[in-house]
*Asks:* 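Please see the structure below; I have some questions.
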Amino acid sequence: MHYVKVKGILSAHNNMNIYRGCTHGCIYCDSRSKCYQMNHEFTDIEVKENAIELLELELSKKRKKIMVSTGAMTDPYLHLEKKLEHTRKALQIIYKYGHGVTLQTKSDLILRDLELIKKINNQTRSVIQMTLTTADDNLCRILEPNVCVTSRRVEVLKTFAVEGIETIVWLCPFIPLLNDTLENLKKLLDYCLEAKVSSIICFGIGLTLREGNREYFYQMLDIHFPGLKNYYIKTYQNSYEINSLNHIALYEYFKNFCLKNNIEYDISKIFKNLKKLEPFKSYRQLSLF
């Protein structure tokens, strides 16, 4: 962990990352990619020491209320958040100035801030986004070794849903020959239905690899799945998009499941609605039966 001072904390689209780097250890993480120009070890977390002061300054000047988004690049609930509480302090600032928030995480540490997130939701709007990759908790411990397993994340989603807080699932990635099966997809979708999520974000049945995260991904494959790397090199070479050989049929199943169960899956609509302070009117909410 090391500290830096930054000039600003909110992007033009009201996104923020209080930390940079990650300790969750997900073997497929795109944030390792060299295009993001991280000049320190990925697990040596960069803490923006003046982030909370900057956030208060910026939010206090906003004439219109906004949705603050965090977690797209770095999970706001890293292990050190338990001690530093920077995400919690940011939520307090967001509540103080009457703005909304959407948090994207894989960690059950978010439950620590449940009451605060409820207060924001009662005042404006809160949305919780969580990634589900595999329904097999044992496989999850390999793919995402330093964060809570899928079944626990589903319990977290249920907890927020019971409190009337909107939840969204990122269904990704699907790693060829590991979790790109109809059985896994069905179980994950059943989890989503059980947790009463409003929307599911799925860019396709596959993953992305580019310089930086590809090398780490292959290193982990050699450790946990010897020989699988050779299949990837032969089949995909240096492609950015690594689609499952069954991606068309599996995505069609995903789409039909969402339509049948009144779950939004149109990514452009989901992202557009995440910017609004009004609660998202999902198919599920509009249904009379």
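In what follows, every heavy atom counts, from backbone to side chain, and hydrogens, waters and symmetry copies are set aside.
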*Asks:* Could you check whether the rings of W170 and F203 sit parallel, tilted or perpendicular, using 30° and 60° as the cut-offs?
*Replies:*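 Rings of W170 and F203: tilted, as their planes differ by 30° to 60°.
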*Asks:* Quick check on the 6.0 Å ring-centre criterion: do F217 and Y232 meet it?
*Replies:*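 Ring-ring flag for F217/Y232: true, centres closer than 6.0 Å.
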*Asks:* Regarding D75 and Y19, do their side chains bring together a donor and an acceptor under 3.5 Å, going by distance alone?
*Replies:*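 Their side chains do not contain a donor-acceptor pair, so the 3.5 Å distance test is not met.
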*Asks:* Do the side-chain N and O atoms of S33 and E211 include a donor-acceptor pair separated by under 3.5 angstrom?
*Replies:*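 No donor-acceptor contact under 3.5 Å links the two side chains.
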*Asks:* To the nearest 0.5 Å, what is the distance between CD1 on I128 and CD on E163?
*Replies:*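 Reported to 0.5 Å precision, the distance equals 11.5 Å.
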*Asks:* State whether a side-chain donor-acceptor pair under 3.5 Å links E166 with S198.
*Replies:*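 Judged by distance alone, the side chains do pair up.
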*Asks:* Indicate whether any N or O donor in one side chain lies under 3.5 Å from an N or O acceptor in the other, for Y97 and E56.
*Replies:*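 Yes, side-chain donor-acceptor contact under 3.5 Å.
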*Asks:* Between T134 and D136, do the side chains contain an N or O donor and an N or O acceptor separated by less than 3.5 Å?
*Replies:*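 No, no side-chain donor-acceptor contact under 3.5 Å.
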*Asks:* For Y240, give me all partners under ring pair (Phe, Tyr, Trp, His ring centres under 6.0 Å), at least two apart in sequence or on another chain.
*Replies:*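 For Y240 there are no ring pair (Phe, Tyr, Trp, His ring centres under 6.0 Å) partners, ignoring immediate neighbours.
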*Asks:* Run the salt-bridge test on E155 and K158 with the 4.0 Å N-O cut-off and return the result as yes or no.
*Replies:*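 A salt bridge links E155 with K158.
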*Asks:* Check this for me, if you would: do E144 and R153 make a salt bridge, where the nitrogen-to-carboxylate-oxygen distance has to be below 4.0 angstrom?
*Replies:*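 Yes.
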*Asks:* Is it the case that over 12 heavy atoms from other parts of the model lie below 6.0 angstrom from the NZ atom of K272?
*Replies:*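 It does not: K272 NZ has 12 such atoms or fewer within range.
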*Asks:* I'd like to check F42 versus C29 (side-chain heavy atoms, cut-off strictly below 4.5 Å). Are they in contact?
*Replies:*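 Answer yes - side chains close enough.
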*Asks:* Working to the nearest 0.5 angstrom, can you tell me the gap between N261 CG and K196 NZ?
*Replies:*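 That separation rounds to 13.0 Å.
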*Asks:* Not counting sequence neighbours, which residues clear ring pair (Phe, Tyr, Trp, His ring centres under 6.0 Å) with H2? List them please.
*Replies:*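 With sequence neighbours excluded, H2 shows a ring pair (Phe, Tyr, Trp, His ring centres under 6.0 Å) to H40, given in chain and number order.
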*Asks:* Can the ring centres of F254 and Y251 be said to be less than 6.0 Å apart?
*Replies:*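 They qualify: ring centres under 6.0 Å apart.
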*Asks:* Is there a donor in the side chain of N243 and an acceptor in the side chain of Y236, or the other way round, less than 3.5 Å apart?
*Replies:*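 The criterion, which ignores hydrogens and geometry beyond distance, is not satisfied for Y236 and N243.
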*Asks:* When you measure from the side chain of N15 to the backbone N and O of L10, does any donor-acceptor pair fall under 3.5 Å?
*Replies:*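 Here the side-chain-to-backbone pair does not exist.
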*Asks:* Under the criterion side-chain contact (heavy atoms from CB on, under 4.5 Å), which of L54, I9, V101 is the partner of M16?
*Replies:*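 Of the listed residues L54, I9, V101, the side-chain contact (heavy atoms from CB on, under 4.5 Å) partner of M16 is I9.
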*Asks:* Tell me the closest heavy-atom pair linking L274 and Q129, and the distance in Å.
*Replies:*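 Here L274 and Q129 meet closest at CD1-NE2, 3.8 Å.
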*Asks:* Hey, are N184 and T181 close enough side-chain-wise for a donor-acceptor pair under 3.5 Å?
*Replies:*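 Side-chain D/A pair, T181 to N184: absent.
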*Asks:* Is there a donor in the side chain of D180 and an acceptor in the side chain of S244, or the other way round, less than 3.5 Å apart?
*Replies:*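 Indeed, the side chains of D180 and S244 share at least one donor-acceptor pair under 3.5 Å.
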*Asks:* Can you establish whether the number of heavy atoms outside I267 located under 6.0 Å from its atom CD1 is more than 12?
*Replies:*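 Count over threshold, so yes.
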*Asks:* Using a 3.5 Å distance criterion without hydrogens, assess whether the side chain of R20 forms a donor-acceptor pair with backbone atoms of T74.
*Replies:*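 Flag not set: sc R20 to bb T74 has no pair under 3.5 Å.
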